[in-house]
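Because the structure is a prediction, the values reported are computed rather than measured.
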Amino acid sequence: MDPVPPASPAPLLAAAAPGASAAPPLPQLEAYTVDAAWLAPVAPVRISDHVWQIGTARLSALLVETDAGAVLVDGGMPQEADLLLANMAKLGVAPGDLRLILHSHAHADHAGPLAAIRRATGAQLVSNAESAALLARGGSGDLHFGDDLLFPPVHADRLVQDGETVRLGATAFTAHFTPGHTPGSMSWTWADTRDGAPLRIAYVDSLTAPGYPLAHNPRHPRILADFRATFATVRALPCDLLLTPHADASGWDYADPTGSRPIGCAAYADAAEARLQAQYAKETGPASP
């Protein structure tokens, strides 16, 4: 397939190559099997003028093109490394053009291929102190999952603080600490355009607590306080367009982009808070957390 130039006039939210989603699914990991849609390759999907989804049908892996190189935001499952590199090539982005790797949280379904991508491209991986420790352990010793969600360990090249800005050329990415799903969860905001009109993009981390104890969590004692602060942070983000690590959580369908119905940051936080309250009530009774 001929590479798709970065400045392609292809319509927004349209797959770059029809039929590419029919590619065979990526293999499962014996130790960590997931929904088939998490492993279903799709052709690059244009999100905005300089942002493409290059991962699978349900897991976000965003390629952001800047005037000084490209940035990858999350990577999906460990099996996705070759897919990401191939989709970069379709967009005319060589491995050496990737300069930065940003991420949401250090679980195998989002940080899985980051070691391989960092090795193949030489890009610098940006994290925070909490997540960097888990990345370096390859997911072992996770607060809630123990050693169940392992992935190739990777070293962070730069650690950021809450509110710090990471720049590549004229594009500035702001880190927002949004702990809850993991203590090191991060969200990112940056500015782009759509059809030339200004667009504020928010890539917001997962706001779920799958099976986590909420009332008495010895490994994360402040989990409820962290979630409450995170909901407030998310509602206040500059957010014309919301994207999330799990695409369907924010209304995206990368397999059928024209059927996507993205929600906003406030709606995302509101829905997550309602789920957390229901989870807490089921655990302890009807009292609000």
Report yes or no: does Thr284 contribute a side-chain atom to a donor-acceptor pair with the main-chain N or O of Ala281 at less than 3.5 Å?
-> no
Side chains of Asp256 and Thr258: donor-acceptor distance under 3.5 Å anywhere?
-> yes
Arg194 side chain vs Ala197 backbone, donor-acceptor pair below 3.5 Å = no
Counting distance only, does the side-chain N/O of Gln279 pair as donor-acceptor with the main-chain N or O of Ala209 below 3.5 Å?
-> yes
To the nearest 0.5 Å, tell me how far His107 NE2 sits from Ser131 OG.
-> 9.0 Å
Heavy-atom pair of closest approach, residues Glu164 and Leu159 = OE1-O, 4.1 Å
Asp270/Arg235 salt bridge by N-O under 4.0 Å criterion = yes
Please report the shortest heavy-atom distance between Phe151 and Pro78, naming the atom on each side.
-> CB-CG, 4.1 Å
Atom OG1 in Thr56, atom CD in Gln79: separation rounded to 0.5 Å?
-> 9.5 Å
Less than 6.0 Å separating the ring centroids of Trp38 and His246?
-> yes
Assess the pair Trp188 and Tyr203: is the distance between their ring centroids shorter than 6.0 Å?
-> no
State yes or no: do Val166 and Leu62 share one hydrophobic cluster built from I, L, V, M, F, W and Y residues joined by side-chain heavy-atom distances below 4.5 Å, directly or via other members?
-> yes
State, to 0.1 Å, how close Pro27 and Leu39 come at their nearest heavy-atom pair, and which atoms those are.
-> O-CD1, 3.8 Å
Do Arg118 and Asp157 sit within salt-bridge range, that is, some charged N less than 4.0 Å from a carboxylate O?
-> yes
Using the ring of each side chain (for Trp, its six-membered ring), is His144 parallel, tilted or perpendicular to His220, with breaks at 30° and 60°?
-> tilted
Taking only residues at least two apart or on different chains, which pairs with a member in residues 107-199 satisfy disulfide (SG to SG under 2.5 Å)?
-> none
Nearest atoms (heavy-atom pairs only) where Ala172 meets Arg167 | CB-NH1, 3.4 Å
Looking only at heavy atoms, what is the nearest atom pair of Phe227 and Thr208, with distance?
-> CZ-O, 3.5 Å
Could you give the distance from NE2 (His181) to OG (Ser104), rounded to the nearest 0.5 Å?
-> 8.0 Å
Contacts of Ala116 that satisfy side-chain contact (heavy atoms from CB on, under 4.5 Å) - sequence neighbours left out | Ala81, Arg119
Distance, nearest 0.5 Å, that separates CG of Leu207 from CD of Glu273 = 10.5 Å
Of all heavy-atom pairs between Ala108 and Leu150, which one has the smallest distance, and what is that distance?
-> CB-O, 3.8 Å
Only one of Asp226, Thr178, Leu276 passes side-chain contact (heavy atoms from CB on, under 4.5 Å) with Phe231, and that residue is Leu276
Aromatic rings His105 and His110: how do their planes relate, parallel, tilted or perpendicular, breaks at 30° and 60°?
-> perpendicular
Is Arg58 salt-bridged to Asp35, cutoff N-O under 4.0 Å?
-> no
